[in-house]
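Heads up, the thing below is written out as structure tokens.
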There are 2 protein chains.
Amino acid sequence: MEKGNFKDRPNATRLALSIGKVNSDIDIDTVQQFLNFQYSYREMQRQYDAVLAKYHLTESRFVILMFLYEAPHQQLLPLQLAEKLGATRATVSKLLRGLVDQGRVNKQPSPTDKRATLIGLTAEGERVLLSFLPHNFDAVQTLFGGLSSNELTTLSHLLAKIQNGTQTLEQEMEK
Amino acid sequence: MEKGNFKDRPNATRLALSIGKVNSDIDIDTVQQFLNFQYSYREMQRQYDAVLAKYHLTESRFVILMFLYEAPHQQLLPLQLAEKLGATRATVSKLLRGLVDQGRVNKQPSPTDKRATLIGLTAEGERVLLSFLPHNFDAVQTLFGGLSSNELTTLSHLLAKIQNGTQTLEQEMEK
DNA sequence: ATAATTTAATTAGCCGGCTAACTATATTAC
DNA sequence: GTAATATAGTTAGCCGGCTAATTAAATTAT
């Protein structure tokens, strides 16, 4: 579930005040679009999460079902799921417990490694996934369908710049 | 702290497969840019959170300090903070406990309403806030400084379209 | 004036992130 | 062959979201 979102976003005047107070020479519009980016994502995600919730899914659980569905024998190790998800094994452990409780996934010991557990998609898991998928694409279409092909291209350029900024910030932090 | 992020994003072929399987006629690029948008935000936020963490702050706590700093007498009610933050009072209650423990905020009973508690910024809270602010703007500059003035304008147009999509989805859900 | 309702804040309990610590098994080094 | 190390998974405990329930006080209705 997604976090809340400021209802009180500073206007240019208030921002200018804060910026002036600390003698930063950052451009006000830069800050405002940073805030706008956060805001837009969070509102979008909140709504997308609401769609998922209607089908008793969360995004992470949905994505796990997708990974399993596409995997050979529809089976993966928790470790592999964690890598694909970009989450820790601890987090995946929790998510899997939930999915097992929902009967969408099962666990069985690996025949080759006694430490490992094979996670498999159940028939119920596949049913839920396949019945949800069309609604997922509908939601994405509603969210992003307003952008033309050209606009999608432009968006991807702008996102690439933000990703560059992110990488730069990451490098600056390492120092 | 921000959630993880898929490391395994489907390529066009895999997406086309999933889409075809459920007979959706959504455009593949639409889905990919939706995923790209999520990915870009999450990586950005993860890094921004890391900056905040360096100063023993989280975004929510930082924003609360800002709201208090700008408030008359640097005081607000939990209820007002919840509204500005766009979070529930329960969440604010938790955040305030943490801020009180850090000595950045104090509580005192409202003189006019015995149910209410006035939250005030302490000297320490103000010190932390003002010493962090320049680093905050530096981080935002690093993240978004790569976008020109024109690009920021374009971004805001595209975000507006996503916000429209979000609103449409919200309306569709109500029905 | 009192009863009913609304409101402010907190608490309990769930979720999904995280790190750190632990157990059990595999692997590597010697 | 055994000791040291690395790896798979889980658990405990923290954080910040949430909803629902609770308490106390204020307000409104009658």
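Side chains are part of it too, since the values below use all heavy atoms of this structure and drop only hydrogens, waters and symmetry mates. Naming: A, B, ... by sequence-line order, numbering from 1 per chain.
One finds no side-chain N or O of Thr58(B) lying less than 4.0 angstrom from the OP1 or OP2 phosphate oxygen of dC15(D). Note on Ser93(B): every side-chain N or O is 4.0 Å or more away from OP1 and OP2 of dA9(C). In terms of phosphate contacts, Thr88(B) brings a side-chain nitrogen or oxygen within less than 4.0 Å of OP1 or OP2 of dC18(D). Listed pair Lys107(A) / dT10(D) meets the phosphate criterion, a side-chain N or O lying under 4.0 Å from OP1 or OP2.
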Step-by-step side-chain contact (heavy atoms from CB on, under 4.5 Å) determination, Phe144(A) to Lys161(B): CA-CA 8 Å; Phe144(A) 271 60; Lys161(B) 296 216 166 189; over 6 Å; no
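There is a side-chain donor-acceptor pair under 3.5 Å between Gln33(B) and Asn36(B).
Heavy atoms of Ala90(A) sit under 4.0 angstrom from at least one base atom. Residue Thr117(B) is classed as a sugar-phosphate contact, given heavy-atom separations below 4.0 Å to backbone atoms only.
Between Arg89(B) and Lys114(A), the residue anchored closer to the 5' end of DNA chain C is Arg89(B), taking for each the nucleotide with the nearest heavy atom. When the nearest nucleotides of DNA chain C are assigned to Arg115(A) and Thr91(A) by heavy-atom distance, the more 5′-ward of the two goes with Thr91(A).
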Distance-only check: which donor-acceptor pairs under 3.5 Å involve side-chain atoms of residues 81-89 of chain A, not counting sequence neighbours?
{"from": "Lys84(A)", "atom 1": "NZ", "to": "Asp8(B)", "atom 2": "OD2", "distance (Å)": "3.0"}
{"from": "Thr88(A)", "atom 1": "OG1", "to": "Thr91(A)", "atom 2": "N", "distance (Å)": "3.2"}
{"from": "Thr88(A)", "atom 1": "OG1", "to": "Thr91(A)", "atom 2": "OG1", "distance (Å)": "3.1"}

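A salt bridge links Arg42(A) with Glu59(B); the closest basic N to acidic carboxylate O contact falls under 4.0 Å.
For residues 65-74 of chain B, proximity to DNA chain C is found at no residue, defined as any non-hydrogen atom under 4.0 angstrom from a strand atom.
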